[in-house]
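Since the structure comes first, as structure tokens, the remarks are kept for the end.
Note that the numbering runs from 1 along the sequence shown for the chain. In this text, all values refer to a predicted model and were calculated from it rather than measured experimentally. Below, all heavy atoms of this structure are taken into account, side chains as well, without hydrogens, waters or symmetry copies.
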Amino acid sequence: MTVITSTQFRANQGRYIDMAHKGERVIVTSRKGDVELIPVKENDAVPSNSLLAFAEKVRQEVKEGKCTVCHNEEELLKHLESL
């Protein structure tokens, strides 16, 4: 396992990314907390910025009560039929 600072990571990103791709654990420490570099696998889904923005908008609308809550399948079907 390799533990580095965020400054070291910024200075040698390619090196540490290569290490992570080869299976070595790379931990980056910072004031905000430690993170581990983990390669994205071929079948992993990486959300786009637009999808993340949409999800945040939906979270905010739910938080503000701007949504329809269905407690069971019957309520859901009734709501969908009303659209």
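In terms of the side-chain contact (heavy atoms from CB on, under 4.5 Å) criterion, Asp18 has no residue partners (sequence neighbours excluded). Taking Asn43 as the reference, Lys41 meet the side-chain contact (heavy atoms from CB on, under 4.5 Å) condition, with sequence neighbours excluded. Applying the side-chain contact (heavy atoms from CB on, under 4.5 Å) test to His79 and every residue at least two apart in sequence or in another chain returns Thr68, Cys70, Ser82, Leu83. Listed by chain and number, the residues in a side-chain contact (heavy atoms from CB on, under 4.5 Å) with Val40 are Asp44, Val46 (sequence neighbours excluded). Under the rule for a side chain to side chain donor-acceptor pair (under 3.5 Å), Gln13 has no partner lying at least two apart in sequence or in another chain. Under the side chain to side chain donor-acceptor pair (under 3.5 Å) criterion, Thr5 pairs with Gln8, sequence neighbours left out. Residues passing the side chain to side chain donor-acceptor pair (under 3.5 Å) test with Ser30, sequence neighbours excluded: none.
Residue pairs satisfying the salt bridge (Lys or Arg N to Asp or Glu O under 4.0 Å) criterion with at least one member in residues 21-30, sequence neighbours excluded, are listed as follows: Arg25-Glu36.
When hydrophobic residues (I, L, V, M, F, W, Y) are linked wherever their side-chain heavy atoms come within less than 4.5 Å, the members clustered with Ile27 are Met1, Val3. Hydrophobic side-chain contacts under 4.5 Å tie Val26 into a cluster, directly or through other members, with Ile4, Phe9, Tyr16, Ile17, Met19, Val28, Val35, Leu37.
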In a table with atom names and distances, give each donor-acceptor pair under 3.5 Å that connects a side chain of residues 47-61 to protein atoms at least two apart or in another chain.
residue : atom : partner : partner atom : Å
Ser48   : OG   : Ser50   : OG           : 3.1
Ser48   : OG   : Leu51   : N            : 3.1
Glu56   : OE1  : Arg59   : NH1          : 3.1
Gln60   : NE2  : Glu64   : OE2          : 2.8

